[in-house]
2 protein chains.
Amino acid sequence: MTTRTSDDTPARRNTTPGPERSGGANLADVARLAGVSRATASRVLAGRAAGKAASHARVLAAAQELGYVVNGLARSMMGVGRRSIAFVSSMMVGPTFASMAGGAEDVATANGHLFTMCTTGGDIDREAALIEALTEQRVAAVLLVGATPPTEEFEQRAERYAETLGRVGAQLILCGRAALPHLPQIASIDYDHRGGVRSAVEHLAGLGHRRIAFIGSLDDTTTSSQRFLGYQDGLADAGIPLDEEMTVRSGNTSDDAATATQAFIATHPDATAIVCQTDIMAVGVCRALHASGISIPGDVSVVGFDDMQLVADLTPSLTTVRAPFHDVGELAGRIAVGEAYTGPIVLPSELVVRGSSGPVRA
Amino acid sequence: MTTRTSDDTPARRNTTPGPERSGGANLADVARLAGVSRATASRVLAGRAAGKAASHARVLAAAQELGYVVNGLARSMMGVGRRSIAFVSSMMVGPTFASMAGGAEDVATANGHLFTMCTTGGDIDREAALIEALTEQRVAAVLLVGATPPTEEFEQRAERYAETLGRVGAQLILCGRAALPHLPQIASIDYDHRGGVRSAVEHLAGLGHRRIAFIGSLDDTTTSSQRFLGYQDGLADAGIPLDEEMTVRSGNTSDDAATATQAFIATHPDATAIVCQTDIMAVGVCRALHASGISIPGDVSVVGFDDMQLVADLTPSLTTVRAPFHDVGELAGRIAVGEAYTGPIVLPSELVVRGSSGPVRA
DNA sequence: TTGTACGCGTTATCAC
DNA sequence: GTGATAACGCGTACAA
């Protein structure tokens, strides 16, 4: 490898300080073996050679024999390499992220870009370090996706990210995250959290429900606040006054939601419907209701959000809001590959009515 | 931005042929502004400078002012850049992949490597192109994860991948995939598919079951064949002869499994337990049984494989096999960052008994 | 059609 | 401590 001296093969050295300086054969080796200059070899290998001189075959054969792999790093330094687009989220779990990533990936690969996904585990320091690293690596665009903690702090953070990326000609794109009011230059492709929950509440009101609860994390993320606003919208549409007693705060896991529900229904037996911030939480809500002998939707209707694959298989199957995750990713991908960004986009959500919601009990 | 000429701002040009040749300020710019040589600037910026000369502050200030971002591509070409590890799977869905990726990522980031995930959508051509691209990008290691179609063809493919990667000093690591018999030099970290299903069958046999069915894709992937072998092992342990009639072939989705189950139970009402190749399929099996008025586990016990988060919330909660996905990823990550590979590793699986399995009906 | 010479941005080496 | 120079691997304007 690194040793150019003799035939000793020092196995693979365990200490990996960095990329090996020179992996195998390079362009000069190929040119030498083919008996041409590097320029000629370069032209042939890049398919930029016009006619078909005899030397072409020799170059190709030499490359084949030497196992030549073009150095993408060097190409990128020249400004002709493959660009890469990074999809950054806190966790890569659930069909939500998978769909968004899929949409973006389709566009990216179709345009010859390298599409990669990275996670931060919700750790802000890791997120910052990751974006710094991606910037150094000269990424073309970063798709920052998902809910993010406190708005004010995030806005500053996003501005730093965008600025850093901008220094190398890269772009920050918010994905499934509302545009930042003070930073319109940062692209945003989002879906309609608010309208989705709103239609869920309207659906329930249409079934005769009046005591409709909302369970959510109620933290400062745009996701949860937008969805909570949708709940308020829906109530307003139906002429139902907002009752603080009908809002339940819970963690994001199904276990948290189950615990919170248990306590809620014990003190509020008059609730006939529960709107959940996420499907995950809805699962916990259903579990708690079952455990308490409350029938769904006979006694209480339940509605979720996200339309995860498995919630259709719950008993009863879950009524939920389906968001156009794939489309969000696709649009974001388009911006990432160079399509002009003309302003924030918000895609509509759609209510999927299944078995967990029904007429209010008599 | 890109314009060095006048004040015209041609928006962002839609045609992105490659990375911008030079984003912003480079090391020479910083050195010039600080009034030192590139060498000095480099040393200061990399924290390799010994004392604290006055020039240090000037270099730092210049870098700050110019918004200097070190070019990781150039660093990599020198052999001192950050290495990256790629996690390649067909689809990034389900806790299976997420856990594996998480384990590997922990190790990778702890060692200062850049960890990225890429998907192929199950398309072999895309997979090949992806690995080619990663090789060109001088990745340090590729973690190839998940079930893969026909064994013979895959073996050749894996060999090509390993060879290509090897040319640039990179490594191919199979993750959640059995070692290839003829290619022991390709690292493999796997979990015990076979033993997991075996313990599931033993569990059922211990509950008195004798007519135990297996539903699986029964294709040529190692995953499905290993799990089917585990089924046979379990039967043998319990002294139950293998009955071809008790093996059901189905697609990988829950819908497929539901359809197959519907047909199966109609013709084989004597089955008292069903072992499923995956949790996803188990979900479909349970749905079909419910639809036919068959109680779980009263009439038929069901066991899955993977221990996905949501299956604990099914009614009844699913008895399943939990595989150490996180540990698999972690071990693979260790190899990727340079730990010596001493041979294939197979981590044990664990049966998680829940509500969907019970004593055989009288 | 082919070869020469240079540039890309960084780091290591070796003098001073 | 610092500076000039070579090296990394590649693309390309320019000359032949």
Side-chain angles (χ1 to χ4, degrees), chain A residues 1-2 4 17-32 34-59 63 66-82 135-138 167-169, chain B residues 4 17-60 63 66-82 135-138 167-169:
Chain A
M1 307 280 175
T2 324
R4 308 178 184 284
E20 316 219 354
R21 187 156 178 160
S22 172
N26 59 20
L27 188 59
D29 296 330
V30 174
R32 196 176 308 124
V36 298
S37 72
R38 297 204 317 266
T40 301
S42 173
R43 280 187 285 256
V44 173
L45 261 28
R48 255 190 327 279
K52 279 191 179 299
S55 48
H56 288 197
R58 290 210 313 276
V59 170
L66 265 45
Y68 171 71
V69 179
V70 66
N71 190 326
L73 275 41
R75 299 194 82 238
S76 287
M77 280 188 59
M78 293 299 300
V80 292
R82 190 192 314 269
T135 306
E136 293 179 0
Q137 241 43 45
R138 295 304 190 260
R167 290 195 195 114
V168 300
Chain B
R4 307 175 185 283
E20 317 220 352
R21 186 158 179 158
S22 172
N26 59 18
L27 187 59
D29 296 332
V30 174
R32 197 175 309 124
L33 181 60
V36 297
S37 71
R38 297 200 314 267
T40 300
S42 173
R43 276 188 289 256
V44 173
L45 260 27
R48 259 191 325 278
K52 279 191 178 300
S55 48
H56 288 196
R58 291 209 311 276
V59 170
L60 261 31
L66 265 45
Y68 171 71
V69 178
V70 67
N71 190 324
L73 275 39
R75 299 195 80 238
S76 288
M77 279 189 59
M78 293 302 299
V80 292
R82 192 191 315 268
T135 306
E136 292 180 1
Q137 245 35 51
R138 296 304 191 260
R167 290 196 194 115
V168 300

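Letters go in sequence order (proteins before strands), and every chain restarts at 1.
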Can you tell me how far the [atom1] atom of [X] sits from the [atom2] atom of [Y], to the nearest 0.5 Å?
X: B:Leu27; Y: B:Tyr68; atom1: CG; atom2: OH; value: 4.5 Å
X: A:Ser76; Y: A:Gln137; atom1: OG; atom2: CD; value: 9.5 Å
X: B:Asn71; Y: A:Met77; atom1: CG; atom2: CE; value: 5.5 Å

Output a table of donor-acceptor pairs, distance under 3.5 Å, between side-chain atoms of residues 38-46 of chain B and any protein atom two or more places apart or on a different chain; print 'none' if there are none.
{"residue": "B:Thr40", "atom": "OG1", "partner": "B:Ser37", "partner atom": "OG", "Å": "3.3"}

Want to settle it: does B:Val69 or B:Arg43 sit nearer the 5' end of DNA chain C, counting the closest nucleotide to each?
B:Val69
Short of 4.0 Å, heavy atom to strand atom, which residues of residues 32-41 of chain B count as contacting DNA chain D?
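Contacting residues: B:Val36, B:Ser37, B:Arg38, B:Ala39, B:Thr40.
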Considering all heavy atoms of both residues, which atom of B:Ser55 and which atom of B:Val36 are nearest to each other, and what is their separation?
CB-CG1, 3.9 Å
For C:dT11 and B:Ser42 - does any side-chain N or O of the residue sit under 4.0 Å from the phosphate oxygens OP1/OP2?
yes
Using OP1 and OP2 only, check whether a side-chain N or O of B:Arg75 sits under 4.0 Å from C:dT11.
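Checking B:Arg75 against C:dT11: at least one side-chain N or O falls below 4.0 Å of OP1 or OP2.
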Side chain of A:Ser55, heavy atoms from C-beta onward: which of C:dT2, C:dT10, D:dT2 has the nearest atom to it?
C:dT2
Looking at the side chain of B:Asn26, which of C:dT10, D:dT12, D:dT2 is the nearest nucleotide?
C:dT10
Measure from the side-chain N and O atoms of B:Arg167 to the backbone N and O of A:Gly24, and report whether any donor-acceptor pair falls under 3.5 Å.
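Such a contact is absent between B:Arg167 side chain and A:Gly24 backbone.
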Between the main-chain N or O of A:Ala34 and the side-chain N or O of A:Arg58, is there a donor-acceptor pair closer than 3.5 Å?
yes
Verdict with supporting geometry, B:Asp29 and B:Asn26, side-chain contact (heavy atoms from CB on, under 4.5 Å):
CA-CA 5 Å; B:Asp29 296 332; B:Asn26 59 18; 3.0 Å; yes
Using the closest heavy atom to pick a nucleotide of DNA chain D for each, name whichever of A:Tyr68 or B:Val44 lands nearer the 5' end.
B:Val44
What is the distance, rounded to the nearest whole Å, between atom [atom1] of [X] and atom [atom2] of [N]?
X: B:Met78; N: D:dA6; atom1: CE; atom2: C1'; answer: 9 Å
X: A:Asp29; N: D:dC8; atom1: CG; atom2: P; answer: 10 Å
X: B:Met77; N: C:dA12; atom1: CE; atom2: C1'; answer: 15 Å
X: B:Leu27; N: D:dT2; atom1: CG; atom2: P; answer: 14 Å
X: A:Asn71; N: C:dC8; atom1: CG; atom2: C1'; answer: 13 Å
X: B:Leu73; N: D:dA7; atom1: CG; atom2: P; answer: 22 Å
X: A:Gln137; N: C:dT10; atom1: CD; atom2: P; answer: 12 Å

Side chain proximity check, A:Arg138 to B:Val69, heavy atoms < 4.5 angstrom
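In contact.
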Rounded (10°) bend between the five-pair end axes of the helix from C:dT1-D:dA16 to C:dC16-D:dG1:
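Computed angle between terminal axes is 40°.
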Quiz item: A:Arg138 side-chain donor-acceptor pair to C:dG9 base, under 3.5 Å:
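In this structure, the two groups form no donor-acceptor pair.
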